[in-house]
Structure formats: structure tokens, C-alpha cells
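Structure first, commentary second.
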Number of protein chains: 2
Amino acid sequence: MRLTTKGRFAVTAMLDLAMSESDKPLTLAGISERQAISLSYLEQLFSRLRKQGLVKSVRGPGGGYQLAKAQHEISVSHIIAAVDELIDATQCGGEENCHGDEGRCITHDLWASLNSKILTYLSGITLADIVNDQRGANKKASCEQSQQVVFGPRKTRTAEVLS
Amino acid sequence: MRLTTKGRFAVTAMLDLAMSESDKPLTLAGISERQAISLSYLEQLFSRLRKQGLVKSVRGPGGGYQLAKAQHEISVSHIIAAVDELIDATQCGGEENCHGDEGRCITHDLWASLNSKILTYLSGITLADIVNDQRGANKKASCEQSQQVVFGPRKTRTAEVLS
DNA sequence: CAATAATTGACTAAATTACTAGGTTATTAT
DNA sequence: ATAATAACCTAGTAATTTAGTCAATTATTG
């Protein structure tokens, strides 16, 4: 399980879909504009999301994308796994290079254990959870109050507007 | 908070240190061999880990690295934050592009909220937790506390094996 | 038919990852 | 002292991933 900006884009786009009150499909062009993600990049992401059965598409005028399942059935881990290439956590491949010396793979197992914990955690968070959480605990959503991570040196590299 | 192979390398290397019974420092060459990570790459990672105060170094023969704190004081999020560049979660930079239309930044906030929850979760898992968990000798399950529900109702979905 | 919007594929710049090479210091053992 | 050790540092580089462009095609609607 990786957690990169690519997955963040996908989650953000899916949240955009989830928050739509309309039962009509939303166009990628609209998502692109609202979330400031390039249209072509969204096309790549939604190609994977569709193949994984997370969204369904409607072609032609009035078309677009809709969630293929209920919000509470789509977890964050589903979305991230759909757009990320999956890599094997163990460098040794799991079998071959390990039996030689005993200590070799212990930390691999430790990481795998942690990894599955993270995966379990993220698979327990659905689109419905996030949307409800936001609607309940928020009265005035604006950008100013987006909480920042409080670790390490905050370099506050202000994101350039990369439209 | 990003979760990449780079962070995984760092966590793996720190686990290697954590599992050492010896009170003597461990060399990067040893970690490199045991964990199959290139020595020079480890040097880069440990340079950051040292500057963040997670490890301490001893130079010269018999030297190497040791944890700078107790195992239960070093969380996974500390390690990952130490080696990763931190990026701004909001694309708009926080101010400029947002006030125009209201819907623009809602999902940004949603993501930021999710992001901080992941961070909270990972900061609740320490090296001691992972090592104890692996040794099977844990009755405390200190990860359980941070696993308590932050969102709404949670369906404990078993993690699919995709990593 | 014309406009819309998904779908596909090939291609590219930029960034990040993972690693190599070659040095310099500080410390220990001989 | 000196030689070996191992951290520390700088620069570069190949491979991969990210993020995006461009150009076509296909299906649907009006």
C-alpha cells in the first residue's frame, strides 16, 4: 500500500463524485475544474477506477462518471489500490533469498505486518465516512483552516499553481 | 504524509536497529547486508534520521548507529516524516485560489482531514509495538488505542491481500 | 448530422527514487 | 604514529513514477 499524491488525486476526485447531490453523472471536465486536476490525468485515473469497478461511465452528452457502488461500500484503500501499481513489500520476493540466514526476513515480516495494519485501517474508511464526517463537524468550509501536518521542518513549500 | 518505499526502507532499517539485543552500535554495512539496502542509500536516510534526532551515531571502529530514544518513543510517522520531503496537501496553497467559488476547496479539506487521521494512526504505532507484536509476546496491543473509531460506523472489512 | 464526452494510445517534462563513486573526518586498535 | 574502521559528505546518474499534453476514436444525445 502506497500513499502518494496520485492516490490523493484519486481520492479527491472520488470525493467530488460522492458529494454530488445529483443522480446525473459528472463530467471529468467539471471535476478537473473544481479540483484543479488536469483533465488528461483524470482520464488516466478514471480509466483504472472504471476497470476496478469503482465508477461507471456514461458516454455522450450528459454523460460522465458516477460511483458504481454505494458510498459506504467504497473504501479509501480500494481507491488507492486501483490507481497505484502494487509492489511487493518484501524485496526478496518472499521465498528464495530468505531461508539462507534466519535474520534476513524478520524485519520484512515486521513491515508486512505494519503494512497490513495500515491497509486494514484505510479499508475501514469509506467515502460515506469522510463525507458525513465533514458535513457533521463543519459549518463553514474554507481553505484557510486546512490543518497542516505538524512534523519535521515545515518548509512550507507553497504549491505553485500548476494549472 | 506519504507512504512510499523510501519510508519503508527507513522503517525497516530502524526496525533492524530496534531488534538488536546488543547495546553496541550497529554499522550501516551490517544493516545494508541484512536488509538488502544499498549502503550509500542508507547513509542518506540515516543522515536525515540523525538530524531529526531519531538515531545517534558513533564514529570510528566499533562505531555505528543506535536508536536515540526508547523504542516506544519512536513512531512510524516520525520515521517516515524524517526521510520524506513533506508536501503541501492543498494544491491551492491555502489562500489564493479558493475564495472565488465555494465548492473549490471542500474536498481539499476532506482530504486534509483524512490525511491527519492517517498521521494520527501512524504516530500511534511505535517501534516497540511492532517488535512486540512480532514476538507474539504482546498482551497490551498498544495499537488498539489509536484504532478506535475516528469516523462514523466502521465495518471491519478484512484487508484483501494486495501488497 | 453535430455536439458532447468517454476512451485509447503514444509521447514528454519534471520530479523522485535508488544507487554509485569518491572523498573527508573521527575514532579505535596495533 | 599509523593503519583500519566507519560515519559523514558531495556530486552525479540511471530507473522509475508523476503529471501532463496531444491527437485520435467511439458512443450517445438532441
I37(A) CD1 to dT18(D) C1', straight-line distance once rounded to whole Å
13 Å
Spacing of R48(A) atom CZ relative to dT8(C) atom P, expressed in whole Å:
13 Å
Considering only side-chain heavy atoms of T27(B), which listed nucleotide, dA7(D), dC19(C), dT8(C), is closest?
dA7(D)
Length of the NZ-P vector between K51(A) and dA6(C), whole Å:
15 Å
dT16(D) phosphate, OP1 or OP2, under 4.0 Å from R2(A) side-chain N/O:
no
In whole angstroms, how far is the P atom of dA6(D) from the CG atom of L26(B)?
11 Å
Expressed in angstrom and rounded to an integer, what is the separation of L45(B) atom CG from dC9(D) atom P?
15 Å
Is Y65(B) touching bases, backbone alone, or none of the nucleic acid, heavy atoms closer than 4.0 Å?
sugar-phosphate
Residues forming a side-chain contact (heavy atoms from CB on, under 4.5 Å) with A70(B), sequence neighbours excluded
H72(B), E73(B)
Answer yes or no: does atom NZ of K24(B) have more than 12 heavy-atom neighbours from other residues, nucleotides or ligands under 6.0 Å?
no
Of the nucleotides dA19(D), dC19(C), dT18(D), which one has an atom closest to the side chain of F9(A)?
dA19(D)
For residues 50-64 of chain A, please give each side-chain donor-acceptor pair under 3.5 Å, one per line with the distance, not counting sequence neighbours.
{"from": "K51(A)", "atom 1": "NZ", "to": "S47(A)", "atom 2": "OG", "distance (Å)": "3.4"}

Selected nucleotide, minimal atom distance to T4(A) side chain, candidates dG20(D), dT8(C), dT18(D):
dT18(D)
Can you tell me if the side-chain N/O atoms of R50(A) get under 4.0 Å from OP1 or OP2 in dA6(C)?
no
Mind checking the OG-CD spacing from S22(A) to Q66(A)? Nearest 0.5 Å is all I need.
8.0 Å
Measuring to OP1 and OP2 of dA19(D), would you say a side-chain N or O of T5(A) lies under 4.0 angstrom away?
yes
Which pairs, protein N/O on one side and nucleotides 25-29 of chain C N/O on the other, fall under 3.5 Å?
{"from": "dT25(C)", "atom 1": "O2", "to": "R59(B)", "atom 2": "NH2", "distance (Å)": "2.6"}
{"from": "dA26(C)", "atom 1": "O4'", "to": "R59(B)", "atom 2": "NE", "distance (Å)": "3.3"}

Describe the nucleic acid contact of S40(B) in one word from base, sugar-phosphate, nothing, applying a heavy-atom distance below 4.0 Å.
base
Does any donor atom in the side chain of S77(B) or S75(B) lie under 3.5 Å from an acceptor atom in the other side chain?
yes
E43(B) vs D84(B), nearer the 5' end of DNA chain C by closest nucleotide
D84(B)
Taking atom types as modelled, find out whether K117(A) and S113(A) have a side-chain donor-acceptor pair closer than 3.5 angstrom.
no
Just how far is it from atom CD1 of I125(A) to atom OG1 of T120(A), taken to the nearest 0.5 Å?
11.5 Å
Whole Å only: how far is the CD atom of Q35(B) from the C1' atom of dA18(C)?
16 Å
Any base atoms under 4.0 Å from L28(B), or only sugar-phosphate, or nothing? Heavy atoms, all strands.
sugar-phosphate
Check every atom of dT7(C), dA19(D), dC8(D) against the side chain of K6(A) and return the nucleotide holding the closest atom.
dA19(D)
F46(A) vs Y65(A) aromatic rings, parallel, tilted or perpendicular, using cut-offs 30° and 60°?
tilted
Spacing between L42(A) atom CG and dG20(D) atom P, to the nearest angstrom
9 Å
To the nearest angstrom, the CD-P distance between Q44(A) and dT17(D) comes to 14 Å
